[in-house]
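Everything numeric in this text was worked out from a predicted model, so none of it was measured.
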Amino acid sequence: MPQNLSRLLAPSSIAVFGGSWAERVVEQCQTMGFAGEIWPVHPTKDEMRGFKCYRSVAELPGAPDASFVAVNRNLAVETMRDLSARGAGGAVCFAAGFKEAGPEGARLQDELVAAAGDMPFLGPNCYGLINYVDGALLWPDQHGGVRSERGVAILMQSGNIALNMTMAQRGMPIAYLAALGNQAKVGMSDMISALAKTGRVTAIGLLIEGIDGIQNFAAAVAEARALGVPVVALKAGRTDSGAALAMSHTGSLAGSDKVMDAYLKKLGVARVTSLTVLIETLKLLHVHGPLPGPEIVSLSCSGGEALMMSDAGEGRRICFRPFTAGDIARIRPTTNSIVTISNPFDYHTFDWGKTERLEATFTEVLRSGFDLGFIVMDIPRGDRCNGDEWKAGIDAFISASKTTGTRAAVLSTLVECMPEAYAKELIGRGVAPMMGMEDSLSAIEAAAFLGEARVPWQPLMQSAAEPGTPRALDEWEAKERLRAFGVATPDGHLVTSAEAAIGAAEAVGMPVVVKIVSETILHKTEAGGVRLNCRSAADVREAVEAMATLGNRYLVERMVTDAVAELIIGVTRDPQLGPVLVVGAGGILVELLAETRTLLLPTSREEIEQAIRSLRVFKLMDGFRGRPKGDLRATVDQVAAIARFAEAHAGCLVELDVNPLLVRPAGRGAVAADALIRMIG
């Protein structure tokens with residue numbers, strides 16, 4: 001059930017409970033100029049920082065919109081019960097010693113939730129909530145922020161990291177910041193939804209330690225996106241879970257972080273890899289919102305900067321699009337004849353200090369229709385230098401951006417070379433101040449990702465596993481089940497004797513592969529249960545006789561000899577998302593490259609093809625060094641068929657491993673050479 005956080009997020013009255021911690025909250029509200037009522041509650045004090053103290057919730061002049069509860073954990077339960085009964089709007093439960101403290105604490109947390117009833121609260125074990133728009137700080141400590149009419153919102157569990165975010169001297173305007181603690185009542189999803197509705201928030205940044213419900217989070221992000229509020233996330237704990245390999249390679253290839261990455265991408269949440277990139281991304285989104293595309297232009301007066309920028313852009317999903325002949329013809333008359341017109345663009349220093357000349361060049365560059373244009377400019381330090389000429393160049397660039405209607409940014413290669421006051425001035429002029437070359441390009445990449453159109457997605461509803469003990473299917477049964485969904489396999493027969501194996505080999509045509517068929521021998525190669533390239537009856541007989549000690553069921557299949565590439569197509573089970581599809585380099589390249597792409601189900605042909613194309617092994621499929629091109633269409637068909645199988649068995653499929661999927665030359669298809677399945681029932 002959605003939480004109504006409107007009173008908590010825009011309070012006209014605040015009650016504080018406790019001693020020194022509560023008094024600090026009063027101090028912060030006074031310092032930030034909170035204009036509403038402040039009602040301290042204390043059993044013995046008569047006043048707190050000039051405000052009358054009340055003895056209990058019942059004595060308060062009214063039901064507070066927001067409360068800060070900084071009493072011991074047992075008294076916190078009583079206080080929350082009283083606030084709920086009084087009709088309070090919401091609270092921050094600062095008290096600790098709940099679920100994070102063990103079984104007794106977990107029991108008390110259940111009592112706390114029950115006591116709060118319908119009243120929403122952050123925490124427990126929660127540092128608080130900062131509202132810079134109203135100056136309402138349910139926050140018992142120093143911070144580095146200032147009042148703001150609108151800005152970004154930052155959500156995380158850690159109070160200390162949240163505090164540090166307010167101290168960043170990068171000009172980022174913050175509207176709200178919250179440390180959510182245990183999320184017993186109000187989770188990150190509730191906050192995303194509520195903040196997006198305030199009309200005060202331009203973008204939401206998250207530090208994710210865990211998701212408070214896959215469906216709830218997806219719905220909240222979709223709601224925020226619909227309201228024009230993009231979401232950016234930094235995920236803590238990026239290493240794989242280290243889950244034991246059950247029966248195939250798939251489990252180790254789709255670690256929890258890869259699944260989370262695929263989940264966020266599917267929802268349209270931009271994932272970043274550091275706090276500094278998070279800040280730069282939020283600043284860019286605050287000024288310009290998501291970018292409509294990845295095409296950017298960089299302007300600098302230094303060839304070294306232009307070269308570094310080009311290098312930094314390599315391998316990213318952004319594009320320094322070259323100028324067209326028409327663009328060059330327009331730009332050329334505004335520059336010195338020896339200036340090379342390229343992107344990144346080094347305009348040299350011939351016109352340094354000549355504002356009109358610079359503006360003319362910048363205007364023609366920006367007329368070329370880029371999704372974002374930025375000028376690289378490191379402002380000299382103010383205590384020893386005069387930066388007026390640098391700022392004059394920036395002014396010329398900003399004028400050009402206004403003339404052309406281009407989204408503009410000023411980028412300093414060093415953080416120290418963009419004074420915070422000037423960064424804020426740039427934001428006021430509708431220009432994004434960006435600091436650090438690598439961080440800034442990562443931020444631009446994230447903003448371009450957020451601007452991509454995407455189909456709304458919801459996780460599979462059948463994500464919970466059915467009860468029962470999983471069993472491994474033998475290869476014959478596994479392939480039979482997959483064939484029913486359109487998965488192609490080599491021509492083959494299941495036999496129980498050497499004579500029958502020879503007959504099967506003659507029927508499908510030599511050469512053949514002979515394999516042992518067993519539910520218990522899953523890694524057949526290691527057990528001696530596979531014989532390749534059998535070209536005669538004698539070869540087949542020898543293969544069967546060699547495997548006789550392993551069992552009496554054999555699979556004889558025509559050997560595929562024209563494969564141009566091998567893929568692994570796997571399905572593993574995520575505890576919350578259910579079946580997850582994995583596509584990667586197969587055969588012996590599984591361990592060698594260990595390169596995969598993770599796709600959440602349901603997926604699309606377009607996503608599958610994009611995943612395949614992004615793999616290094618795709619070079620083999622694309623006619624590497626004159627080799628035949630692989631059948632990409634058929635390969636996508638096969639992966640899509642495996643995905644349909646996984647979706648149809650979402651409740652009972654534990655793991656699936658097709659390795660290798662043999663990609664044949666164009667027009668000849670792709671076939672599953674081996675298949676392992678573990679499922680319930």
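- The minimum heavy-atom distance between Met165 and Ile174, with the atom names listed, is O-CD1, 4.3 Å.
- If you take CH2 on Trp390 and SG on Cys417, they are separated by 10.5 Å, rounding to the nearest 0.5 Å.
- The closest side-chain donor-acceptor pair between Ser442 and Asp439, if any, does not fall under 3.5 angstrom.
- Environment of CD in Glu420: crowded, with over 12 heavy atoms of neighbouring residues, nucleotides or ligands closer than 6.0 Å.
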Evaluation steps, side-chain contact (heavy atoms from CB on, under 4.5 Å), between Ile379 and Ile394: CA-CA 10 Å; Ile379 307 298; Ile394 293 173; 3.6 Å; yes
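- Note: Ile398 CD1 to Leu426 CG = 5.5 Å, rounded to the nearest 0.5 Å.
- Among all heavy-atom pairs drawn from Leu411 and Ser440, the shortest one is CD1-CB, 3.4 Å.
- Taking a 6.0 Å sphere around CZ of Arg147, one finds it holds more than 12 heavy atoms contributed by other residues, nucleotides or ligands.
- Between Glu223 and Lys197, at least one side-chain nitrogen of the basic residue sits less than 4.0 Å from a carboxylate oxygen of the acidic one, meeting the salt-bridge criterion.
- A donor-acceptor pair under 3.5 Å is absent between the side-chain atoms of Glu364 and the main chain of Thr334, judged by distance alone.
- Between Glu607 and Arg454 there is no salt bridge, since no side-chain N of the basic residue sits under 4.0 Å from a carboxylate O of the acidic one.
- Taking 4.0 Å as the cut-off between side-chain N and carboxylate O, Arg429 and Asp395 count as a salt-bridged pair.
- Listed here is the closest heavy atom pair of Leu450 and Gly268: CD2-O, 3.2 Å.
- With hydrogens and angles ignored, the 3.5 Å screen pairs no side-chain donor or acceptor of Asp371 with any backbone N or O of Ile296.
- Residues Val201 and Val229 share a closest heavy-atom pair of O-CG2, 3.7 Å.
- Between Arg613 and Glu609 there is a salt bridge, with a side-chain nitrogen of the basic residue lying less than 4.0 Å from a carboxylate oxygen of the acidic one.
- With Leu206 as the partner, the side chain to side chain contact (heavy atoms under 4.5 Å, CB included) test is satisfied by one option alone out of Ile211, Leu278, Leu155, Val232: Leu155.
- For Trp457 (side chain) and Pro602 (main-chain N/O), a donor-acceptor pair under 3.5 Å exists by modelled atom type.
- Using modelled atom types, no side-chain atom of Thr406 and backbone atom of Ala408 make a donor-acceptor pair closer than 3.5 Å.
- Contact check for Ile331 versus Val365: side-chain heavy atoms found under the 4.5 Å cut-off.
- Interatomic distance, CZ of Arg633 versus CD of Gln638, reported as 13.5 Å (0.5 Å rounding).
- Applying the 6.0 Å contact sphere to CD of Glu209 captures more than 12 heavy atoms from other residues, nucleotides or ligands.
- Using a 4.5 Å heavy-atom cutoff, the side chains of Leu285 and Thr202 are not in contact.
- Both cation-pi conditions hold for Arg321 and Phe370: the charged atom is under 6.0 angstrom from the six-membered ring centre and inside a 45 degree cone around its axis.
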Trace of the side-chain contact (heavy atoms from CB on, under 4.5 Å) decision for Val133 with Arg150: CA-CA 7 Å; Val133 180; Arg150 62 196 291 272; 6.0 Å; no
Salt bridge (charged side-chain N to carboxylate O under 4.0 Å, His left out) evaluation trace for Lys391 with Glu425: CA-CA 12 Å; Lys391 292 180 180 178; Glu425 180 185 328; 5.8 Å; no
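- Considering Glu445, Glu295, Glu452 in turn, Glu452 is the only one that fulfils the salt bridge (charged side-chain N to carboxylate O under 4.0 Å, His left out) rule with Arg317.
- Using a 4.5 Å cut-off on side-chain heavy atoms (C-beta onward), Phe217 and Leu264 make contact.
- Ring centroids of His143 and Tyr127 are separated by 6.0 Å or more, keeping the two rings apart.
- A salt bridge (charged side-chain N to carboxylate O under 4.0 Å, His left out) with Asp261 holds for exactly one of Arg271, Lys235, Lys266; it is Arg271.
- A distance-only check finds a donor-acceptor pair linking the side chain of Thr363 to the backbone of Glu359 [under 3.5 Å].
- Here the side chains of Leu234 and Val277 are not in contact, with every heavy-atom distance at 4.5 Å or above.
- A donor-acceptor contact closer than 3.5 angstrom links the side chains of Ser614 and Arg597.
- No donor-acceptor pair closer than 3.5 Å links the side chain of Ser310 to the backbone N or O of Ala306.
- For the atom pair Ile318 CD1 and Ser298 OG, the distance stands at 10.0 Å (nearest 0.5 Å).
- Figure legend: cation-pi geometry between Arg357 and Tyr347 absent, as NZ or CZ is not positioned both under 6.0 Å from the six-membered ring centre and within 45° of its axis.
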Test side-chain contact (heavy atoms from CB on, under 4.5 Å) applied to Val583 and Val639, step by step: CA-CA 8 Å; Val583 180; Val639 180; 4.1 Å; yes
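- No donor-acceptor pair under 3.5 Å is formed between the side chain of Asp378 and the backbone N or O of Met418.
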Worked verdict on Leu581 versus Leu600 for side-chain contact (heavy atoms from CB on, under 4.5 Å): CA-CA 6 Å; Leu581 186 70; Leu600 300 190; over 6 Å; no
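- Taking CD of Gln610 as the reference point, atom CZ of Arg605 lies at 14.0 Å (rounded to 0.5 Å).
- Residues Ile192 and Ala220 share a closest heavy-atom pair of CG2-O, 3.8 Å.
- Side-chain N/O atoms of Arg332 and Ser337 include no donor and acceptor closer than 3.5 Å.
- To the nearest 0.5 Å, the span separating CE on Met377 from OG1 on Thr413 amounts to 11.5 Å.
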Check against side chain to side chain donor-acceptor pair (under 3.5 Å), Thr276 and Ser274: CA-CA 5 Å; Thr276 52; Ser274 71; 3.1 Å; yes
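- Between Tyr176 and Ile154 the shortest side-chain heavy-atom distance does not fall below 4.5 Å.
- Using modelled atom types, one side-chain atom of Gln28 and one backbone atom of Asp141 make a donor-acceptor pair closer than 3.5 Å.
- Under the 4.5 Å side-chain criterion, counting only non-hydrogen atoms from C-beta, Leu291 is not in contact with Phe449.
- A donor-acceptor pair under 3.5 Å is absent between the side-chain atoms of His286 and the main chain of Ala203, judged by distance alone.
- Side-chain contact between Val269 and Tyr263 is absent, with no heavy-atom pair separated by less than 4.5 Å.
- The closest side-chain heavy-atom distance from Thr281 to Ile444 is not below 4.5 Å.
- Formation of a donor-acceptor pair under 3.5 Å by the Asp327 side chain with backbone atoms of Thr324 is found in this model.
- The two residues Leu599 and Ala611 have their closest heavy-atom pair at CD1-CB, 4.1 Å.
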